[in-house]
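The sequence lines fix the lettering, A, B, ..., with proteins before strands; numbering per chain opens at 1.
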Amino acid sequence: MPRPSPGRTVGGVSAAAARPGVLWFRRDLRLHDHPALVAAAAGGPVLPLFVLDPLLWGPSGDVRRAWLVRSLEHLDASLGGRLVVRHGDPVEVVPRVAAELEAAAVHVTADAGVYGRHRDAAVEAALAAAPGAVPFVRSSTPYAVAPGTLKNGSGSPFQVFSPFQRAWLREGWPAPAPRPRTRWVESVASEGLPPAPDLGGVELPEPGERAALRRWEAFREELLPAYAGARDRPDKPGTSALSVHLKYGEVHPRTLLAGLADVPGEGAERFRSELCWRDFYADVLWNRPDSAWHPLKPEAEVPSDTGHLADERYAAWAEGRTGFPIVDAGMRQLLREGWVHNRVRMVVASFLVKDLHLPWQRGARHFLHHLRDGDPASNNQGWQWVAGTGTDAAPYFRVFNPVTQGKEHDPQGDYVRRYVPELRGVAGKAVHEPWLLPGGVPEGYPERIVDHAAERQEALARYARLRG
DNA sequence: TGTAGGTTCTG
DNA sequence: AGAACCTAC
């Protein structure tokens, strides 16, 4: 494979090496923010190509795939119906598509992939071996800083968020890039998009770049000033709700960071920090791909329960019938909307791990299946944080009290009543403790499946035993 | 990005 | 009585 010749650098990629190319974007739908793409576009127009990876196209019922298809439909429409879609394994499909284009030197731009980086290497190898293939640009889920690039003073990956954030702020990130020219190649056929999977009643907002940018502008104008305080209120629309757009590359974090650059105040600072968390967890997973499903720190892993009772408790959690209103509201929001407020994600996760003593992997799997923004990096590292096995993890003794959390972050009980109809007749914050109502727990709402105080003690005891 | 249980301060 | 603060887990 020819080495890129030295020259002007665009977004960290040598522009001299760039030529008209094929874009394979697996998740990154936004065409004009990716450094590798910028370099390719500098040498000529770009062919928008999407390969439906069979890994992404597994068994039915995944909300993320429904979002992906709808998002691609929007992209296809914005391209005048000329998005090139191919189905199959990228290792085989990408070289075949490349061979259908005019021959040119092979150029593989290596951007850091996340989670599937071993697979990306296989695609690169296949392309390198393909004779006469066209330039090829690989693109992965967009981050401000490519995962795997920031290192600490000793040249190792960061283990703690704060030093990572300091380096992240110090080093900075490329500015968002202009939209590239599009190359239409009539000889390359599209196999078309599959139908969106049946959502089973889940209601999704509008996908696509236009909707993402509209949401970003509305958030910046109306919610950002008060973001630092409002982001913890699940009863109000205080968060950006941009996670799903970021995940599918409908908006690039660099676009958001550029838009924050001249905004003073705690809100902007906090939102920038949340974007940094996203980069941090991607970096952690890039450096430790095994940490998606295995504890990052096995020595901190506490024994969890198995068997019939454990399975029944898991089912009660997943279906939102634990008898703890804030937990049930969150789990039902997940099933109804494919999204849960971040504060509530922490509460329900703490409940699964520390009140029900179930392995965090079960919760992470359930979340990935139902969350439209479900991402192996943010989701699974977040679960490890709750379980205390992760980088920068919460101390083992941190156990959320579902009643206290409910009263504090949903003070009028509006969030609970929105998702738990059995409790709609209960006014105010009393909704967080239905067992204290004069008439007892309302008809149809379950009794608590565990005693929180007792299970908190049990969790602390297990951790104490672990530490010897 | 915790909680529980305690003490001390305040009205 | 309740806020504010402290500390062990």
Separation of atom CG in A:Asp451 from atom P in B:dT3, rounded to whole Å: 16 Å
Which nucleotide in B:dG2, B:dT1, B:dA4 has an atom nearest any side-chain atom of A:Met346: B:dT1
Spacing of A:Phe351 atom CZ relative to B:dT1 atom P, expressed in whole Å: 22 Å
A:Arg343 CZ - B:dG2 C1' separation (whole Å): 9 Å
Centroid-centroid distance, A:Trp67 to A:His245, less than 6.0 Å: yes
Short side-chain N/O contact to B:dA4 OP1/OP2 from A:Asn401, under 4.0 Å: yes
Set of residues satisfying side-chain hydrogen bond (donor to acceptor under 3.5 Å, both in side chains) with respect to A:Arg332, sequence neighbours excluded: A:Glu422
Below 4.0 Å: OP1/OP2 of B:dA4 and any side-chain N or O of A:Gln457: no
Spacing of A:Glu274 atom CD relative to B:dT1 atom P, expressed in whole Å: 11 Å
Check: A:Asp414 side chain, A:Asp235 main-chain N or O, donor-acceptor pair, under 3.5 Å: no
side-chain hydrogen bond (donor to acceptor under 3.5 Å, both in side chains) involving A:Asn342 - partner list, sequence neighbours excluded: none
I'd like a list of close polar pairs between nucleotides 3-9 of chain C and the protein, N/O only, cut-off under 3.5 Å.
none

Residue A:Arg424 excluded, over 12 heavy atoms near CZ under 6.0 Å: yes
Nucleotide nearest A:Arg398 (side chain, heavy atoms from C-beta), chosen from B:dG2, B:dT1, B:dT3: B:dG2
Salt-bridge present (A:Glu337, A:Arg372; N to O < 4.0 Å): no
